[in-house]
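Here it is, the structure, as structure tokens.
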Amino acid sequence: MVILNLDKPRELKFSHKAMRQFSALTKTSVPELREAVQRYDLMTTAVYCMLAAQDSSLTPNQVEDMLDELPVLEVYSKAVEAVSEALQGDEDGETEENPPAAAGAGKEA
């Protein structure tokens with residue numbers, strides 16, 4: 001769980017809804033997500049999508065005003081962490097549902 005302390009502690013979760021909205025707004029494909037969030041203009045949009053998916057009353061301007069109160073590096077690292085958490089295992093084909101086998105698993109002693 002990634003928490004960003006804005007007007008109150010808010011969870012940054014790159015859910016399917018947030019990902020779909022981000023992709024629609026930025027025309028970014030899933031394979032491009034990790035790189036896209038490293039661009040500041042797109043990272044701000046990603047944070048907005050993550051927050052708005054949980055609180056539809058938020059506007060992009062409100063989110064930008066809240067982000068202005070935090071150090072840029074904090075916002076950036078939390079956004080990257082949230083996207084990485086959402087895409088966990090995608091590069092290696094491993095997910096929580098399909099974790100790598102533990103050392104020695106499946107072998108008889």
Query raised in the report: For L87, does its backbone N or O pair with a side-chain atom of R34 as donor and acceptor, under 3.5 Å?
Result: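 Indeed, once roles are kept as given, a pair shorter than 3.5 Å links the two residues.
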Requested in this report: Would you mind reporting whether Q21 and Y48 have side-chain heavy atoms less than 4.5 Å apart?
Outcome: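 Side chain of Y48 against side chain of Q21, heavy atoms only: contact under 4.5 Å found.
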**Report entry** Validation row: E32, E35 side chains within 4.5 angstrom (heavy atoms)
**Finding:** no
Query raised in the report: Do the side chains of K78 and L73 get nearer than 4.5 Å, heavy atoms only?
Result: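 No - every pair of side-chain heavy atoms lies 4.5 Å or more apart.
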Requested in this report: Report the C-alpha distance between L33 and F14 in whole Å, list the side-chain angles of each, state the deciding distance to 0.1 Å, and finish with yes or no for side chain to side chain contact (heavy atoms under 4.5 Å, CB included).
Outcome: CA-CA 11 Å; L33 287 175; F14 209 43; 3.9 Å; yes
Requested in this report: Indicate whether any N or O donor in one side chain lies under 3.5 Å from an N or O acceptor in the other, for E81 and S84.
Outcome: no
Query raised in the report: How close do N5 and L70 get, heavy atom to heavy atom, and via which atoms?
Result: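 N5 and L70 have their closest heavy atoms at O-CD2, 3.5 Å.
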Report task. Determine, stepwise, if the pair R10 / M66 fulfils side chain to side chain contact (heavy atoms under 4.5 Å, CB included). Result -> CA-CA 11 Å; R10 293 184 182 260; M66 288 189 290; 4.3 Å; yes
Query - Euclidean distance, M19 CE relative to T28 OG1, rounded to 0.5 Å - result: 11.5 Å
Query raised in the report: Do K13 side-chain atoms and A82 backbone N/O form a donor-acceptor pair below 3.5 Å?
Result: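 No, because the side chain of K13 does not come within donor-acceptor range (under 3.5 Å) of the backbone of A82.
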Query raised in the report: Is any side-chain heavy atom of L67 less than 4.5 Å from a side-chain heavy atom of L6?
Result: yes
Query raised in the report: Quick one: does M43's side chain get under 4.5 Å of V75's, heavy atoms only?
Result: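 Heavy-atom side-chain distance check passes, below 4.5 Å.
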Query - Flag for D55-S57: side-chain donor and acceptor within less than 3.5 Å - result: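 There is such a pair between these side chains.
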Query raised in the report: Just by distance, do the side chain of Q54 and the backbone of E11 share a donor-acceptor pair under 3.5 Å?
Result: yes
Query raised in the report: Between S77 and E74, is there a donor-acceptor pair closer than 3.5 Å when you use the side chain of the first and the backbone of the second?
Result: yes
Query raised in the report: Is there a donor-acceptor contact under 3.5 Å from the side chain of S23 to the main chain of S29?
Result: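 Checking the backbone N and O of S29 against the side chain of S23, no donor-acceptor pair under 3.5 Å is found.
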Requested in this report: Report yes or no: do L25 and L12 belong to one cluster of Ile/Leu/Val/Met/Phe/Trp/Tyr joined by side chain heavy-atom distances under 4.5 Å?
Outcome: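 Not linked; separate clusters.
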Requested in this report: Write down the atom of Y76, the atom of V37, and the distance for their closest heavy-atom approach.
Outcome: CE1-O, 4.2 Å
Query raised in the report: In terms of hydrophobic clusters joined by side-chain contacts under 4.5 Å, are V30 and M50 together?
Result: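 Linked within one cluster.
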Query raised in the report: Would you call L51 and V47 a side-chain contact if the rule is heavy atoms closer than 4.5 Å?
Result: yes
